[in-house]
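One structure is given here, and the rest of the page talks about it.
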Amino acid sequence: MRFSQKYETERLELKEKISAYRKRLSEVDEMQLGKEKFIAAVRKFMQMDKLTAPLLQELIDRIDVYEVTGTGKNRKQMIKIHYKFVGYLELPSLARRHNYREETRKGVAIEYVPNALPA
């Protein structure tokens with residue numbers, strides 16, 4: 001009786017583990033498929049001469065825009081781009097050493113500030 005009960009308990013535990021492993025395997029497969037789709041979209045992006053709306057819709061999931069801080073030349077606004085299939089990407093730690101600034105037009109500059117906190 002004791003062995004039978006122990007066997008049933010062990011069998012149920014193993015069934016639960018198998019179910020959990022299958023679920024995790026399914027999640028990993030979905031992540032792999034998402035990664036492959038993202039890479040395909042990026043490859044299309046690299047071959048484009050012009051940035052088009054359909055390409056952006058294929059590549060970007062959402063863009064978070066935060067409140068403007070500061071006034072005048074010190075105005076800053078943080079944005080986060082969340083890509084489809086992979087989410088929000090941070091630059092590697094080596095690239096975080098410096099701020100990146102680009103003058104887009106007269107009086108307007110865009111700057112990447114590593115480790116900035118939302119307003």
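Not measured: the values here are computed from a predicted model.
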- Item | Same apolar cluster (I L V M F W Y, side chains within < 4.5 Å links), M31/L25 | no
- Give the cluster check for V28 versus Y21: same hydrophobic cluster or not, with ILVMFWY residues linked at side-chain heavy-atom distances below 4.5 Å. no
- Message: Give me the atom names and distance for the closest heavy-atom approach of K80 to Y66.
- Response: CD-OH, 3.8 Å
- Message: Whether the side chain of K35 engages the backbone of E30 through a donor-acceptor N/O pair (distance < 3.5 Å, no angle test) should be reported.
- Response: no
- Drop me the distance from D61's CG to I81's CD1, to the nearest 0.5 angstrom. 12.0 Å
- When every non-hydrogen atom of Q57 is compared with those of K84, the smallest separation belongs to O-NZ, 2.7 Å
- Item | Listed once per pair and sorted, the salt bridge (Lys or Arg N to Asp or Glu O under 4.0 Å) pairs that draw on residues 1-10, sequence neighbours left out | E8-R11
- Query: Can you name the residues that form a side-chain contact (heavy atoms from CB on, under 4.5 Å) with K37, not counting sequence neighbours?
  - Reply: L33, F85
- Query: According to the salt bridge (Lys or Arg N to Asp or Glu O under 4.0 Å) rule, which pairs have a member within residues 12-25, sequence neighbours left out?
  - Reply: R24-E27
- I79 and L59: same hydrophobic cluster, using ILVMFWY side-chain contacts below 4.5 Å? yes
- Could you tell me whether the side chain of H82 reaches within less than 4.5 Å of the side chain of I60, counting heavy atoms only? no
